[in-house]
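Read the structure below first, then the notes.
Order of the sequence lines fixes the chain letters, A, B, ..., with proteins taken first and strands second; residue numbering starts at 1 for each chain. The shown structure was predicted, so the numbers you read here are calculated from the model rather than taken from an experiment.
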Amino acid sequence: MLFWEKSFDEHLKQTREVGFVDKVILSVVEVVGLPGAHIGEMILFETGQLGQVTGLGVTAVEVLVLSEQLVRVGTRVARLGQKLAIGVGDVLLGKAVDVLGKPIFGQLEGDYTETRPIDITPSGIGVRKKINRRLFTGVMLVDLMIPIGQGQRELVTGDRKTGKSHFLMQTILANSKAGGVSIYAAIGKKRAEIMKLEGFLRAQGIMETCILVAVSSQDSAGEIFLTPYTAMTIAEYFRDQGRDVLLVLDDMTTHAKFYRELSLLLRKFPGRDSYPGDIFHVHSKLIERAGNFLVKDKEVAITCLPVVESIMGDITGYVQTNMMSMTDGHIYFDNDLFFRGRRPAIDPFVSVTRVGRQTQTPLTRDAGRVLYELLNSYEKTQSFLKFGAELGESSRQILAMGDRVLAFFDQPQYTVVPGNVQIALLALLLSGVWDGKNTLKMVEAYIKDTGVRSQMDDMVSKAGAMGELIEAVRKLAENYLKILK
Amino acid sequence: MLYSEILSSIKTVFDIQILTKEIDLLEQSLYKVGEDAWQNALKNKIRGNIAKIISDDVEWMWTSPDAERMQDYLRGLREKLKQLRIIKLVVAVELSWRGIDRLHDWLQKNVGEGCILDLEVDSGVIGGAKISFGGKYGDFTVAEKWSELFRLAYETKE
């Protein structure tokens, strides 16, 4: 029986303990009584609000209120005798839920399968496996140069309005098309943004494989704080059902800010930038719950993409560097690149993937290496232009090729480019016969024409290195160029 | 002992509320213009029995009035009131003063000094009481017993 199915009096009779609200400080209240309360335990107020015990004192218990509704002094409080737990199940698919797992719109078509506590110790090393499967985001720049593996924790960082959310949506789209479950945790977002997000998922027809855990900025600080925990708990349920999960936490800087607010209200000693001393532990304990696991002799992964916002391109901030150290790499969205018109505005030289390359085939690894060398030379040659120096033929060729590669990486919003198409088109580009434009036409042909698809798949699977693939593509260049016109 | 007489007259939370208001009036009177402001407050605005007890406790105020010392006295009284332990009772009918006195005396003997009652009337309990004290809760109402009995009877019938 879920806790909200019992009345307040029933909980009182069960635990035989009662408390009274003595002090109210915004989202935190002090309760006198409840001698048997323990940290993390759920609390029910007489007026129906839920809370969580965050501190124990000699005379009072500190409770975090999980409701925007005000609590009055003198309100009776009952213990629920259990840590904060939510109902999970397949019924959550296709739904937007709040921090307690209850649907925001409408009702669930069925019952929860089980209840799970939202704050648990991450799994040990015994059940974890090495990351060896690719996660295709459908974004060419990322898949070719900053590959992500299933089970990887890859930070997405950059200034506001640099295209991070678009990238995340694209990744969710690609993951849903590949059959994975996608969970998006909207942490303290505006209500309009949450509605827009839900509208996008429904418009793309992928809502049935997605779950939106949404808590708006108008909700209480306690609810905002617990949002990523709820999302992770739901992800763990689907992992245990044998399904790969993509979990997006958008965004962790907001989460850190609200945790700071709560900690200051609870009079915890402020540390750097007034954040509490355990901010690293709070985030790392959460992020560690993602990974590649062995579940009933099958490898299943929770791939986590936490988002962190930077200000004026500064990624040396406290929360930013914390998150970078606890994740397996980061994708950096550059302001300058965004204003120059690059979409996605990802800087491949600042971005890092620590475990993504081990999931690549020798061909794709070679492709990534070639791209890095090319773009590196391009950047260096570009810098000479500032001096107005005359360039030789080889430099001009590098610049021309670099421009084509950048045009190739410019990808329209919400378009997913399959992996084999990416590598085949890259080979076509590097062969020098194509200018890097109209990529979508090839994607369409790949999806609709089985002949093109099987030919491309066959060609890519046989090639062991970029050189071989370029040779193979040259033979089919005429056909491909017809498609790309 | 200072305050003991006043505290022994406090039996319910309602008594505390009245006494707290009286303490506020006395405090305000200390800073009003006019030498006998606080004396007027004591005579006309405070209950007779409480006024007499306070008057005896602060007899130095009649000879050499000292507002700060009076303030300390009242502050001390407030602190003592905060230390009183409250037993919350939800009962079916309103208790008479005699009933409250008897309950209070029983509490003083069996639970300890410094306990007062916070009474709430709820006819739904039918009889008995719901008791909340020191964070503990107990439902000893007739309504609860009846619902238990009916539940047992229903289960037995099935």
Practice problem: For A/Phe105, enumerate each residue passing the side-chain contact (heavy atoms from CB on, under 4.5 Å) test, keeping only those at least two apart in sequence or located in another chain. | Solution: A/Ala96, A/Met195, A/Glu198
Quiz item: When only heavy atoms count and the cut-off is under 4.5 Å, which of residues 100-111 of chain B reach chain A?
Solution: none
Self-check item: Proximal to chain A - members of residues 41-58 of chain B, heavy-atom separation under 4.5 Å
Solution: none
Residues, nucleotides or ligands: over 12 heavy atoms within 6.0 Å of [X] [atom1]:
{"X": "B/Phe140", "atom1": "CZ", "result": "yes"}
{"X": "A/Leu70", "atom1": "CG", "result": "no"}
{"X": "B/Phe150", "atom1": "CZ", "result": "no"}
{"X": "B/Glu113", "atom1": "CD", "result": "no"}

Self-check item: Part of A/Leu34 within contact of chain B (heavy atom distance under 4.5 Å)
Solution: backbone
Which atom pairs, one donor and one acceptor, sit under 3.5 Å between chain B and chain A?
| from | atom 1 | to | atom 2 | distance (Å) |
| --- | --- | --- | --- | --- |
| B/Gly135 | O | A/Val18 | N | 2.7 |
| B/Tyr137 | N | A/Arg16 | O | 2.9 |
| B/Glu144 | OE1 | A/Lys13 | NZ | 2.8 |

Exercise. Mind listing the closest non-hydrogen atom pair of B/Gly135 and A/Pro35 along with its distance?
Key: O-CD, 3.4 Å
